[in-house]
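Numbers restart at 1 for each chain; the letters A, B, ... are given by sequence-line order, proteins then strands. Keep in mind that the numbers below use all heavy atoms, side chains included, and drop hydrogens, waters and symmetry copies. As the structure is a computational prediction, the values presented were derived from the model and not from experiment.
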Amino acid sequence: MTKYIIRRLLGIIPTLLVIITISFFIVRVAPGGPFDGERALPEVVKRNIEAKYHMDDPLLIQYGRYMFDVLRGDLGPSFRYKDHDVNFYIFQSLPNSMILGVIAISLSIIFGITSGMLAAVKQNTWVDYLSMALAVVGISVPLFVIGPVLQYVFAMRLGWLPTSGWFTAGDGWKTIILPAVTLAFADFATIARLTRSSMLETLRSDYIRTAKAKGMKPSAIIFKHSMKGAMLPIVSYLGPAFAGIITGSVVVEQVFRIPGLGKFFVQSSFNRDYTLIVGVVIVYSVILVIMNFIVDIVYSLLDPRITYK
Amino acid sequence: MTNATSPDTYKRLLEVKGLQTYFKTDAGIVKAVDGISFTLNKGETLGIVGESGSGKSVTNLSIMRLIPSPPGKIVGGEVLFEGKDILKLSEGELRHLRGNDISMIFQDPMTSLNPFLRISTQMIETIRLHQSMSRREALAKSIEMLKLVGIPAAEERIHSYPHQFSGGMRQRVMIGMALSCEAKILIADEPTTALDVTIQAQILELIQELSKKLDTAVILITHDLGVVAGMCDTVCVMYAGKIVEKAKTDDLYANPSHPYTYGLIQSVPRLDKAHDGKLFSIEGQPPNVIDLPPCCPFHPRCHKAMDICRTQYPPTKDLGNGHEVSCWLFIDEKEHSHE
C-alpha cells in the first residue's frame, strides 16, 4: 500500500507537466492576444510591451522559461493586472472559494445522502417523491436562479440574512449561508439521485436477502450491510465534484459578491491573460489529481476486494 | 382425522396449505405459486423439483416471507410452522423465526455473502441475533461451525473476506452460518447449481451429514432429479406454479405417474441403460404463467393429453401411501361426474 501511494504521488508529476504544456500552447492558439484592445496599439508601443513580457522570443524559449518559473513555484506576472503577479491573485482568492466550497459540499453530502437513503428505503412513498422532486429542482434550475430567489426570500423579504458580501470583507459570518446553500444545490441533487439508485440496487442484492433471511433488523441491514456498497458510486462522484466546487463558482461569486477564484477562470480567458489562465488551470488540475488519488484510497478502504500493490 | 393432540402433529414441523403467491406485472398477474400444499416432518428431507420458473424458489421465499413486495404478494394459504401461521406473524416475530427456526442457503454463494464484511462479522452477528452470547463465545461458536463444515485453518480463515474463498468454500460458510443457530428447518435453494460438478457432491453430502447430526429438516430445491434420488425422503414435482405429483422418493422413481414426472425421469442420463446416444427431452417450452387459462398447463407438451386437459385443471388424486398426482389420466369418468 505504501509503495502504491508513493508511486501514485510520483505519477502526478508527469500528469501535471502534460497539462501545463498543453494549456500553455492551447491558449496561444486562440485568436487575439493579451494586449489587444478595442483600438490597435501603435506598433512601437506593442513591440515594447511584448519585449517587456518576453513575448518576442521564439515560442519554445518562452515555454522553457515559463516551465522553469513554474517548477520554482512562480506562475509569472499577470498580462492584464499590473499590480500583482498570478500567485498573488490565486492565493488571495483561493481560500475564499475553498471555505465556501467545503461548506457547500458538506451540506450537499449530508443532505444528499440522507434524502437519497430515505428515498430508497421508503421507495414509492411520499418521502421518495418529495426528495426526488427536490433533486429535480436542484438539477434543472440553474444557480443564477436559485441564488437570487434565496436572496429575495431570506434577505429582502424575511431579512434574516445579508444579501451579499463576504466575511473577510467584514460583512459577518452570516454572509456564507446563502451562497453555500445555493452552491450546494446542484451537488445535493446529484448525490441524492446517485445514493437512491445505488442504495436500491444494493438492497436488491443477494447478500441483503441473506441478511434478511438471517433475521436482521432493517436498521442493521441498511447501515451495517448496505452502506459501504452503496457509497462507492458517491465516492467516485465526489472526487471531481469536490475539485470543481472548491475552485469556485463564477455564478455564485457574482451573485453574492464573493472575492473567489471562480471569476478568474472566465475573466482570464476573455482577457487572453495567458499566465493567469494557465495558473488557474494548474491549481484546478493539482486539486483534481489529488482528489482522484484520495478517491482511490477511500475505495480500497470501503471495498476489501480492491487492493493496491 | 388429525387434531391438535394427535401424535402426528408433533412430527409435523411445517405445513404449507394452499399457498398462493402472485406477482403483479405490467403484462398481467403472474401466478408464480398457485395453491400448493405439502408437509415437512421432523428430520425429513423434502425435495422440490421443477424447471426454471416453475415456482420452486418463490415457494420457499414465501415460506420465509422474503418475496420482494411490490411486485410480489402472498395472496392466499397458510404456512404453519409448529402450528403457528408464519404469514400472520408480526415483523418482530418473523425476524425471530428467520435464521433461528428456519434458515436458508441460496443458489449463488459468490453473491450471497456480504463482500464488504468479514466472515467472522457475518457469522457472529447471526449467532448473537438469536442467542445471548458474548462476542468471544460467538466467535468460538463460529469457528466451531466452520470446522464442522470442513473449512481448513478455520481460526485464521474466519477473519477473511468472502472474496478470499472459492465458490465451494463460500457455500460451506453459508451452510455453517445457516446452521449456527441450530435451525429446525434448512431451506436449500439450488445450493449446488452455481458450483463445479466436483464440488456439488461434497456440498450435498455435507448438507445431508449435518442435517442428520443436528436433526434438521431440509427442503431441497433443485432441478436435478439425480440429486433428489440421493438425498430426499419425499419429492414434490412442480410445474407452472402447481405441485403436479408428490410421493416418497422411491415410489416416485418406481412409478412416475404424471406424464411430466415421467418425462423428467426419462431425461436423466443413466449409465445402466443403453441408449442410442441421444437423451430424451420433453418437447416444447414451459408455459408463460401470466393469465394462465384454467386448463392443465402441461397439456401442450403432453403426449397423453385428452380433451378435458385443455379445458379444466385436474383434481388431485391420492394413489395411496402418500403418492398424490394431479392428472386427468387417473380420474375416472365416474369420479369426475361425481364431483
Below 4.5 Å from any heavy atom of chain A, which atoms of [X] appear? Answer side chain, backbone, both or neither.
X	result
L129(B)	side chain
L61(B)	side chain
M110(B)	neither

Problem set entry | Set of side-chain hydrogen bond (donor to acceptor under 3.5 Å, both in side chains) partners for K84(B), sequence neighbours left out |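 Partners of K84(B) by the side-chain hydrogen bond (donor to acceptor under 3.5 Å, both in side chains) criterion come out as none, since no residue qualifies.
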Exercise. What pairs with Q20(B) under side-chain hydrogen bond (donor to acceptor under 3.5 Å, both in side chains), at least two apart in sequence or on another chain?
Worked result: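 Q20(B): side-chain hydrogen bond (donor to acceptor under 3.5 Å, both in side chains) contacts with Y22(B), D34(B).
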For this session: Mind jotting down which residue pairs meet the side chain to side chain donor-acceptor pair (under 3.5 Å) criterion with at least one end in residues 144-154 of chain B? Sequence neighbours excluded, please.
Result: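 Passing the test, one end in residues 144-154 of chain B: K147(B)-E155(B).
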Problem set entry | Smallest separation among heavy atoms of A213(A) and M64(B), with atom names |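 In terms of heavy atoms, the two residues are closest at O-CE, 3.6 Å.
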For this session: Please report the shortest heavy-atom distance between F116(B) and L302(A), naming the atom on each side.
Result: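 Shortest heavy-atom contact: CD2-O, 3.5 Å.
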Exercise. Which atoms of L203(A) come close to chain B, meaning under 4.5 Å heavy atom to heavy atom: side chain ones, backbone ones, both, or neither?
Worked result: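 Contact with chain B is absent: no heavy atom of L203(A) under 4.5 Å.
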For this session: Sort out for me which of P115(B), G92(B), P162(B) touches chain A most, counting heavy-atom pairs under 4.5 Å.
Result: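 Of P115(B), G92(B), P162(B), P115(B) has the most heavy-atom pairs under 4.5 Å with chain A.
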Could you list each N or O donor-acceptor pair linking chain B to chain A at a distance under 3.5 Å?
{"residue": "G99(B)", "atom": "N", "partner": "A213(A)", "partner atom": "O", "Å": "3.1"}
{"residue": "T111(B)", "atom": "O", "partner": "Y207(A)", "partner atom": "N", "Å": "3.2"}
{"residue": "T111(B)", "atom": "OG1", "partner": "D206(A)", "partner atom": "OD2", "Å": "2.6"}
{"residue": "S112(B)", "atom": "O", "partner": "T210(A)", "partner atom": "OG1", "Å": "2.6"}
{"residue": "N114(B)", "atom": "ND2", "partner": "H225(A)", "partner atom": "O", "Å": "3.0"}
{"residue": "N114(B)", "atom": "ND2", "partner": "H225(A)", "partner atom": "ND1", "Å": "3.1"}
{"residue": "Q122(B)", "atom": "O", "partner": "K214(A)", "partner atom": "NZ", "Å": "3.0"}
{"residue": "E125(B)", "atom": "OE1", "partner": "K224(A)", "partner atom": "NZ", "Å": "2.8"}
{"residue": "E125(B)", "atom": "OE1", "partner": "H225(A)", "partner atom": "NE2", "Å": "3.2"}
{"residue": "E125(B)", "atom": "OE2", "partner": "K214(A)", "partner atom": "NZ", "Å": "2.9"}
{"residue": "E125(B)", "atom": "OE2", "partner": "H225(A)", "partner atom": "NE2", "Å": "2.5"}
{"residue": "T126(B)", "atom": "OG1", "partner": "K214(A)", "partner atom": "NZ", "Å": "3.2"}
{"residue": "H130(B)", "atom": "NE2", "partner": "K214(A)", "partner atom": "O", "Å": "2.8"}

